[in-house]
*Asks:* 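Structure below; questions to follow.
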Protein chains: 2
Amino acid sequence: MTSAEYSPLARKLLAFVALSEVELAVLKRLHQRRRSFVAGRDMVHQGQSAQAAYVLSSGWVCSYKLQADGSRQIVDFQVPGDFLGLRSVLLRTSDHSFEPIVDIEAVEVLTADLLDAFAQTPRLATAVLWAASRDEAMVVEHLVGVGRRDADARMAHFLLELGSRLALVGVGSRNGFNCPLTQYHLADTLGLSAVHVNRVLRQLREHGLLTFRDGRVTFHDYGGLVDLADFDPAYLDQTGPLLK
Amino acid sequence: MTSAEYSPLARKLLAFVALSEVELAVLKRLHQRRRSFVAGRDMVHQGQSAQAAYVLSSGWVCSYKLQADGSRQIVDFQVPGDFLGLRSVLLRTSDHSFEPIVDIEAVEVLTADLLDAFAQTPRLATAVLWAASRDEAMVVEHLVGVGRRDADARMAHFLLELGSRLALVGVGSRNGFNCPLTQYHLADTLGLSAVHVNRVLRQLREHGLLTFRDGRVTFHDYGGLVDLADFDPAYLDQTGPLLK
DNA sequence: CGCTTATTTGATACCAGTCAAGTTCCGTGG
DNA sequence: CCACGGAACTTGACTGGTATCAAATAAGCG
């Protein structure tokens, strides 16, 4: 089997743990049901108990939490191959909502099937734990940004991280990437107001660092951005299977 | 075997997954080596690759990230029974540093032993995944606070969460809890300056909500704090084993 | 073409940071 | 026993980064 034939999830997990034919087969049985969701309409609502998780096949999703006062905080974004709602399933309560940024395709994974698969193939559980750890590392980096970086550095760091993640799955490079997000998404991600996001983007543009325009992010001065944001992609990169 | 005889880690995992005698025995073999660390001196340094994780037996630890400009962001706190450095082990790079707040006792868990144990007893891997998910849920809640709550609500939410966590392990109640943190710890946790932390604490005190003084947090108006912080402890609570 | 959504810009207000100085508390050594 | 030094805490005055309010301009879309 060549790499191209694997599902997005298999490709992701293979970066962490070398899986046998048997384990890959178990993995394959996990997700049979394909589902589509349209942009802008929530997939799962906060507080709702989830019986299924998803693996994103195509499109972008963000997960966020709403506050009593109506403001929202976007926690992270999922791109193809990412898990979606794994924590909701494990903790038996959806503590997030999920919004598809564009129309998406996802495969459903039932809780019971997932737990069965873990019992059958321990290495699979380890692989998922690994993937979850990487996701947590991104949330941690996000927290640091919101807590301790000013608006410019926060924006630069976020867009650099997103660029790196997309480059890892083959979409985008050091020159930039296509990006369906609105400035409101950026605001809710970075803990800023939409108005200020606009000003920050203007500043970055006027300083010759990057442009965010017409659904595309273009990096004009990658090194300058890395300096500004103190960006270190170590936590994203996985050079090869950790467990042979 | 009665509950009191379990190790802190076993007690924690039993809240998520019912473990057999065999699994508990595997768990017990995992941590044989006890280690102590003195307050204020880092256990693991950022960037250093870790070969071992720890389970905290007694004391408090915080994990944090340092920025190039010298500021730091505390990501979370560990109290007895919590994992420490699990992500560092899994991702083979320590992306945090750990500071013992007071003198602590911890048991060392070697990476290789942990992975072996997962292979032998899949349910153990599932249990650890569960525990890691709860930890991530706390980081997410922390992110929301820093991104979208003003300083007062942020402080109130943090102290309420800490109180609830401590109550779960039997230390502290709705009246308050003993707290070895300095106002600098609070500042680095909440993304505020130490000066402003002091002002916020004064306000909360003057409004009759809580006092932070002489190593003790006292809640004067629990309901008022819950309102101010929009606090919902659902993500902390685990009513019983999810996997029988 | 008129509606809505996204973006842009200016003016003003306020939350929280910074700087500076002072207090309390405690441990240590003379 | 007291003097000293350091760490944590406290308070005031001022500054500055972002939010908020308001309005104008573009860009899709039925």
Side-chain angles (χ1 to χ4, degrees), chain A residues 38-41 62 67 69-74 99-103 145-156 158 178-207 210-218 228, chain B residues 38-41 62 67 69-74 99 101-103 145-158 178-207 210-218 228:
Chain A
V38 301
R41 270 260 278 299
C62 70
Q67 299 258 252
D69 69 359
S71 65
R72 81 167 179 175
Q73 176 66 49
I74 293 180
E99 178 198 318
I101 309 283
V102 295
D103 291 354
V146 172
R148 288 298 184 204
R149 278 191 267 264
D150 66 19
D152 293 19
R154 220 181 290 175
M155 178 70 75
F158 172 69
N178 293 322
C179 177
L181 305 180
T182 68
Q183 294 185 7
Y184 287 91
H185 285 124
L186 294 178
D188 286 344
T189 302
L190 302 175
L192 300 169
S193 68
V195 172
H196 200 61
V197 161
N198 186 276
R199 286 193 247 268
V200 167
L201 288 173
R202 171 162 44 139
Q203 271 210 264
L204 293 174
R205 182 172 6 100
E206 287 173 354
H207 286 39
L210 66 80
T211 19
F212 177 94
R213 190 175 175 73
D214 296 330
R216 177 151 188 97
V217 173
T218 309
L228 173 64
Chain B
V38 301
R41 271 260 277 300
C62 71
Q67 300 258 252
D69 69 358
S71 66
R72 81 167 179 176
Q73 176 66 49
I74 293 180
E99 179 199 318
I101 310 282
V102 296
D103 292 353
V146 172
R148 288 298 184 205
R149 276 192 268 264
D150 68 19
D152 293 19
R154 220 181 290 177
M155 177 71 75
H157 194 279
F158 171 69
N178 293 322
C179 176
L181 304 180
T182 68
Q183 294 184 7
Y184 288 91
H185 286 123
L186 294 178
D188 287 344
T189 302
L190 302 175
L192 299 170
S193 68
V195 172
H196 200 60
V197 161
N198 187 277
R199 286 192 249 269
V200 168
L201 289 174
R202 172 162 45 139
Q203 272 209 262
L204 293 175
R205 183 173 4 101
E206 286 172 354
H207 286 38
L210 66 81
T211 5
F212 177 94
R213 191 177 174 73
D214 296 331
R216 177 150 188 99
V217 173
T218 309
L228 172 63

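Note on naming: letters A, B, ... go to the chains in the order of the sequence lines (proteins, then strands), and numbering restarts at 1 for each one.
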*Asks:* Within the side chain of B/H157, is there an N or O that forms a donor-acceptor pair under 3.5 Å with the backbone of B/A153?
*Replies:* no
*Asks:* Measure the distance from CZ on B/R216 to P on D/dA8 and round it to the nearest whole Å.
*Replies:*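 One finds 21 Å between P of D/dA8 and CZ of B/R216, rounded.
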*Asks:* Looking at A/R154 and A/L190, would you say the former's side chain and the latter's main chain have a donor-acceptor pair under 3.5 Å?
*Replies:* yes
*Asks:* Is the number of heavy atoms from other residues, nucleotides or ligands within 6.0 Å of CZ (A/R216) greater than 12?
*Replies:*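 More than 12 heavy atoms, drawn from other residues, nucleotides or ligands, come within 6.0 Å of this atom.
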*Asks:* Is the side chain of B/D103 donor-acceptor paired with the backbone N or O of B/A39 at a distance under 3.5 Å, no angle test?
*Replies:* yes
*Asks:* For a 4.5 angstrom cut-off between non-hydrogen side-chain atoms, does B/L210 reach B/M155?
*Replies:*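 With C-beta onward as the side chain, the pair stays apart.
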*Asks:* Nearest nucleotide by nearest heavy atom, which residue falls closer to the 5' end of DNA chain D, B/L181 or A/D152?
*Replies:* B/L181
*Asks:* Give the rounded distance in Å between these two atoms: NE2 of A/H196 and P of C/dT8.
*Replies:*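 About 15 Å, once rounded to whole Å.
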*Asks:* Distance check needed: C/dC26 P versus B/D214 CG, whole Å only.
*Replies:*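 The answer, rounded to whole Å, is 8 Å.
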*Asks:* Rounding to an integer number of Å, can you tell me how far A/I101 CD1 sits from C/dA6 C1'?
*Replies:* 15 Å
*Asks:* Rounded off to whole Å, could you give me the CG-to-C1' distance for the B/D188 and C/dG17 pair?
*Replies:*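 From B/D188 CG to C/dG17 C1': 14 Å.
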*Asks:* Can you tell me how far C1' of D/dG17 sits from CZ of A/R154, to the nearest Å?
*Replies:* 10 Å
*Asks:* Rounded to whole Å, please give me the gap between CG in A/L186 and P in C/dT8.
*Replies:*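 Atom CG in A/L186 sits about 11 Å away from atom P in C/dT8.
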*Asks:* With a 4.0 Å cut-off on heavy atoms, is B/T182 in touch with a base, just the backbone sugar-phosphate, or nothing at all?
*Replies:*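 If one applies the 4.0 Å heavy-atom cut-off, B/T182 turns out to touch the sugar-phosphate alone, with no base involved.
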*Asks:* Separation of A/L192 atom CG from C/dC14 atom P, in whole Å?
*Replies:* 20 Å
*Asks:* Between A/T189 (side chain only) and A/H185 (backbone N and O only), is there a donor and an acceptor less than 3.5 Å apart?
*Replies:* yes
*Asks:* Provide a list of protein-nucleic acid N or O atom pairs under 3.5 angstrom, restricted to nucleotides 10-15 of chain D.
*Replies:*
from, atom 1, to, atom 2, distance (Å)
D/dT10, OP2, B/Q183, NE2, 2.6
D/dT10, OP2, B/N198, ND2, 2.6
D/dT10, O5', B/N198, ND2, 3.2
D/dT11, OP2, B/R202, NE, 3.3
D/dG12, N7, B/R199, NH1, 3.4
D/dA13, N6, B/R199, NH2, 3.4

*Asks:* When you measure from the side chain of B/E99 to the backbone N and O of B/R41, does any donor-acceptor pair fall under 3.5 Å?
*Replies:* no
*Asks:* When we call it a touch if two heavy atoms are under 4.0 Å apart, what does B/G191 touch: a base, just sugar-phosphate, or nothing?
*Replies:* sugar-phosphate
